[in-house]
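Every number for a ligand or one of its atoms is a count from 1 in the order of the listing. Quantities reported herein were computed from a predicted structural model and do not represent experimental measurements.
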Amino acid sequence: MSWEKIYEERKMTACEAVNLINSGDKVVFGHCISEPTGLIDAMVANHDAYRNVEITHMVSLGKGEYTRPEYKDNFKFKGIFCGAGTRKCVAEGYGDFIPVYFSDVPVWMRNGLLDVDVCMVMLSPPDKRGYCNIGIESGYTYQAIKSAKKVLAQINSNVPVSFGDTFVHVSEIDAFVEMDMPLAELQPPAIDDVETAIGRYCASLIEDGSTLQLGIGAIPDAVLSELKDRKHLGIHSEMISDGVVDLVEAGVIDCTAKTLHKDKIIVTFLMGTKRLYDFADRNPIIELRTVDYVNNPSVIAKNNRMVSINSALQVDFMGQVVSCTIGTRQFSGVGGQVDFVRGAAMAEDGKGISIIAMPSITTKKDGTIISKIRPYIDHGAAVTTNRYDVDYIITEYGIARLKGKTIQERAKALIDIAHPTVRGELADEFEQRFNRSY
Ligand code: COA
């Protein structure tokens, strides 16, 4: 049968498509921009038709209405990341969290640890050969489509077409729902003096010809804005955001010095504004690969001068990094942090470095100041990057290199880059704990 015929036969309304979901099904949403928000709204509107539908996804820019307490008998969120829309249901117990490396998600889909009865995804319209495109995400969505028993696709002509593990033939899809809508956007954050200082310290460790992994937010953008005079930078990263576009356009990021995938930006997904999505559309410099490949530490290690930059919520005196929990509360997920910390350390040229960059303090809404450098991690917190893997910690007050240092030396180096208002308190803790003067 021609692909055109398959497409016509499987085209339906959103209501018809979500009726293909059965009670008890395990449903995986496309990641990030490939989340089919129109279909999800239809599924939530149809909630009375379901009991115990399990919903799993990583980063979501959607409303997360299926996590509302009134739907707890209809939908159960079992997240592999927590964000603004999903933290509450996990904290209150009617949702739950599965600890998993992002890089393991496609592997778990293949080996059955993560069943996919239904994959709901947003795709571009088919091209002349009958291939739709996942757009700017290939992390786990590509594998979710391959593993799912049923695939329900929202077809949106605003989805860009990108190269790599992103093409899906119409024969792999069970329901096509044509529904155009603007893609969700994440505006670049404002960069303040603290982040600028952190960006400068990070940039001081980045040589010409380095390959970078950066997360999202003000710190990665601040680092990028300090790199305008570098040459031949490359990208091998879980994700990229708008900040990368400026440096590609300025010729700073050209990927020509990369030792793996020379001339290509390698990522698993992009998240930012329409400017970034337009930049990604049919751009041969960008290649999206699945996350089990991109975040594999042995693959990362093949990049010479690999520099990984991630952030954290807390670091204790031993260098244990907490990035995903605030006390017992699940705040986010591990993403690729540990994979990139390990991959950079394993870099075959011996020049890889990993940086955890964070402001020295956070200020709560009531004005309370909390130091992110602490003697101990909070009760109930989970370590993300352990003390054996951690390397550089950077705050707006400087750089602490922890590898090669004793516990006491680590504690001192960290106190030296803590906020000045808490250094005295931390020094007292140091003296009590190690029975020696600071
Ligand atoms: N104790 C209590 N609260 C804290 C805290 C601490 N030590 N540190 C931060 N917070 C609070 C902040 O006050 C802020 O609260 P608000 O939302 O009410 O304003 C919130 O936590 C977020 O802090 P912020 O510093 O703005 O975090 P961020 O948005 O820059 O994200 C991480 C930082 C660590 C959560 C994020 O980088 C992450 O999830 N990392 C793990 C995954 C990863 O590294 N992925 C990339 C790999 S490729």
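Heavy-atom proximity to K365, at under 4.0 Å, picks out these atoms of ligand 1: 18 (O). Ligand-side atoms of ligand 1 in range of S311: 34 (C), 37 (O), range being under 4.0 angstrom from any heavy atom. Heavy-atom contacts of Q213 reach the following atoms of ligand 1: 47 (C), 48 (S) (cutoff under 4.0 Å). In summary, the atoms of ligand 1 found under 4.0 Å from a heavy atom of S332, numbered by their order in the structure, are 35 (C), 38 (C), 39 (O). Close approach of ligand 1 to A312 (heavy-atom distance below 4.0 Å) involves ligand atoms 34 (C).
Atom 26 (O) of ligand 1 is not flagged as protein-proximal [any protein heavy atom, distance under 4.0 Å]. Closer than 4.0 Å to atom 19 (O) of ligand 1 lies none of the heavy atoms of the protein. Taking a distance limit of 4.0 Å, we find that atom 8 (N) of ligand 1 is approached by some protein heavy atom.
The protein heavy-atom contact nearest to atom 43 (C) of ligand 1 is V334 O, 3.7 Å. In this structure, the protein non-hydrogen atom closest to atom 31 (O) of ligand 1 is F331 CE2, 4.9 Å.
Taking distance alone, with nitrogen or oxygen atoms compared against 3.5 Å, S371 stays at or beyond that limit from ligand 1. Between T362 and ligand 1, at least one N/O pair is under 3.5 Å apart. At a 3.5 angstrom cut-off on N or O pairs, I370 does not count as close to ligand 1. In terms of N/O distances under 3.5 Å, ligand 1 is not approached by Q314.
Both the backbone and the side chain of Q337 come within contact range of ligand 1, each with a heavy atom under 4.0 Å.
Partners of D263 according to the side chain to side chain contact (heavy atoms under 4.5 Å, CB included) rule, which considers only residues two or more places apart in sequence or in another chain, are T256.
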